[in-house]
Number of protein chains: 2
Amino acid sequence: MKLAEKKDTKTHILDVAERHFAIYGFAGTTLRGIIKEADVNVAAVAYHFGSKEDLYSAVIERFAKPVVEEQLSRLRKEIVKRNVKLTNILTAFYEPPIALIKSMGKRGATLSLFLGRCQTEQEPIYSMIDKHFAPCRDQFLLAMRQVLPGLSKKDYHWNFEFMLSLIVCFLTRQQVISKRYTANENWQVDDVVSRLVGFCTAGMQDSK
Amino acid sequence: MKLAEKKDTKTHILDVAERHFAIYGFAGTTLRGIIKEADVNVAAVAYHFGSKEDLYSAVIERFAKPVVEEQLSRLRKEIVKRNVKLTNILTAFYEPPIALIKSMGKRGATLSLFLGRCQTEQEPIYSMIDKHFAPCRDQFLLAMRQVLPGLSKKDYHWNFEFMLSLIVCFLTRQQVISKRYTANENWQVDDVVSRLVGFCTAGMQDSK
DNA sequence: GTCTATAATTCGATAGAC
DNA sequence: GTCTATCGAATTATAGAC
């Protein structure tokens with residue numbers, strides 16, 4: 001907020017809350033910490049969002065909605081093709097969140113941490129998170145079964161879990177790794193996506 | 001604690017604290033919650049451990065020490081061989097924590113969650129955790145470079161991060177997945193290790 | 001070693017003026 | 001919509017008796 005001031009208060013609180021929840025988790029975040037940094041009154045949070053849980057819900061929804069919609073859109077375009085390929089399905093899954101995060105600059109880095117945090121939140125926060133991602137996840141799980149015949153049900157699910165863990169790994173470790181070995185934080189969407197898709201495709205198809 | 005009562009108070013507190021830190025994280029864990037479940041006095045924690053951070057430090061040390069020692073011992077036996085293989089190095093890394101967790105039954109399940117939690121803790125807890133795992137991690141990183149010639153420095157590190165994320169994924173998701181598709185929580189160490197090693201070996205060697 | 005009692009903070013939430 | 005003021009609860013940590 002330098003010039004062009006006047007992002008409305010509600011959005012401003014949302015931005016600060018997003019970063020706090022990402023860094024400290026739900027339990028470790030305090031409303032006082034948020035309002036102090038956002039330089040708003042404590043009652044403003046209650047007025048615009050309600051409780052601390054309601055605020056978290058608003059944060060997760062703003063993040064998850066565009067990602068999930070883009071993933072499903074991309075998936076639909078793939079599964080109508082005659083020869084559906086694992087590589088394309090993986091790309092449809094990996095690219096939307098990575099591209100979104102890349103396009104958002106500093107806020108993208110915050111969202112990366114946030115997604116990592118989502119993996120270890122407990123009830124009732126976990127259900128709140130899962131509600132936003134589960135339908136999309138199930139669609140991809142279904143699609144993957146079509147391109148990976150011959151695997152047991154158990155194998156499907158473990159491969160799928162590994163696929164999920166890889167993107168979480170990238171998003172949460174990206175800043176550390178990039179900075180450690182390239183002296184800056186630059187990375188390209190295509191590089192990252194192909195790295196993830198490559199590792200995952202090989203792991204799913206060529207293991208044993 | 002049924003018969004054979006009298007685990008000493010210090011160990012008892014440690015056991016309960018381990019589970020609380022695993023489930024709720026450092027910030028989400030309260031000393032009151034621990035002492036209530038352990039049925040000890042609040043002053044007992046201060047007497048035996050000191051502060052909340054000191055208690056966490058005791059928990060992480062008890063868990064990490066035997067795992068890291070076994071991993072390094074296994075690694076040393078591998079790297080003196082004439083033909084070091086990636087598969088063997090990965091097995092040396094994956095098997096000790098998985099075998100330990102399997103052998104510990106219910107407490108092993110708790111330790112799995114705990115390791116997942118470690119991935120998202122913040123300072124000063126993160127440094128406390130990293131201090132215990134970093135030396136071992138660096139040894140494996142070094143060994144892997146010998147068996148993966150031709151990869152860039154950046155590729156090494158990303159592959160290594162993926163390798164780490166896979167075991168964290170397994171440990172934290174194991175209960176959910178196993179229960180969902182086998183109606184029980186049984187799993188065999190060899191099965192899991194070969195699954196992880198297979199996926200990771202393929203991802204590292206056959207990608208692109 | 002174990003306990004009670006409590007100090008000193010900090011938290012989430014809300015009432016009510018403007 | 002925004003603010004001040006504050007309540008009630010929960011937290012870590014400690015002092016001191018036994």
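Atom set for the values below is all heavy atoms of this structure, side chains included, hydrogens, waters and symmetry mates excluded. Each chain gets a letter, A, B and so on, in the order its sequence line appears, and its residues count up from 1.
The nearest whole Å value for the distance from the OH atom in A:Tyr24 to the P atom in C:dT10 is 15 Å. Note: CG (A:Asp8) to C1' (D:dT2) measures 14 Å, nearest angstrom. One atom, CG of A:Asp39, and another, C1' of D:dC3, lie 13 Å apart when rounded to the nearest Å. Protein atom NE2 of B:His12 is 12 Å distant from nucleotide atom P of C:dT2, rounded to whole Å. To the nearest angstrom, P of D:dT14 lies 16 Å from OH of B:Tyr47. Atom-to-atom, CZ of B:Phe49 to P of C:dG1 comes out at 12 Å; the value is rounded to the nearest Å.
In this model, a donor atom of one side chain and an acceptor atom of the other lie less than 3.5 Å apart for A:Asp54 and A:Ser51. With 3.5 Å as the limit, one finds a donor-acceptor pair spanning the side chains of B:Thr11 and B:Asp8.
Taking the six-membered ring for Trp and thresholds of 30 and 60 degrees, B:Phe199 and A:Phe199 have ring planes inclined between 30 and 60 degrees apart. Taking the six-membered ring where tryptophan is involved, the planes of B:Phe140 and B:Phe93 are perpendicular, since the angle between them exceeds 60° and thus also 30°.
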_Verdict with reasoning, A:Asp15 to A:Lys10, per salt bridge (charged side-chain N to carboxylate O under 4.0 Å, His left out)_ = CA-CA 9 Å; A:Asp15 289 341; A:Lys10 191 170 179 177; over 6 Å; no
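Only one option out of B:Leu113, B:Thr29, B:Thr110 pairs with B:Phe21 in a side-chain contact (heavy atoms from CB on, under 4.5 Å); it is B:Thr29.
Within the structure, a side-chain polar atom (N or O) of A:Thr9 is placed less than 4.0 Å from OP1 or OP2 of D:dT2.
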Each nucleotide N or O in nucleotides 11-14 of chain C that has a protein N or O under 3.5 Å away: list the pair and distance.
| unit_1 | atom_1 | unit_2 | atom_2 | d |
| --- | --- | --- | --- | --- |
| C:dG12 | OP1 | A:Thr29 | O | 3.4 |
| C:dG12 | OP1 | A:Leu31 | N | 3.4 |
| C:dG12 | OP1 | A:Lys52 | NZ | 3.3 |
| C:dG12 | OP2 | A:Leu31 | N | 2.9 |
| C:dG12 | N7 | A:Arg32 | NH1 | 2.9 |
| C:dG12 | O6 | A:Arg32 | NH1 | 3.1 |
| C:dA13 | OP2 | A:Lys52 | N | 3.1 |

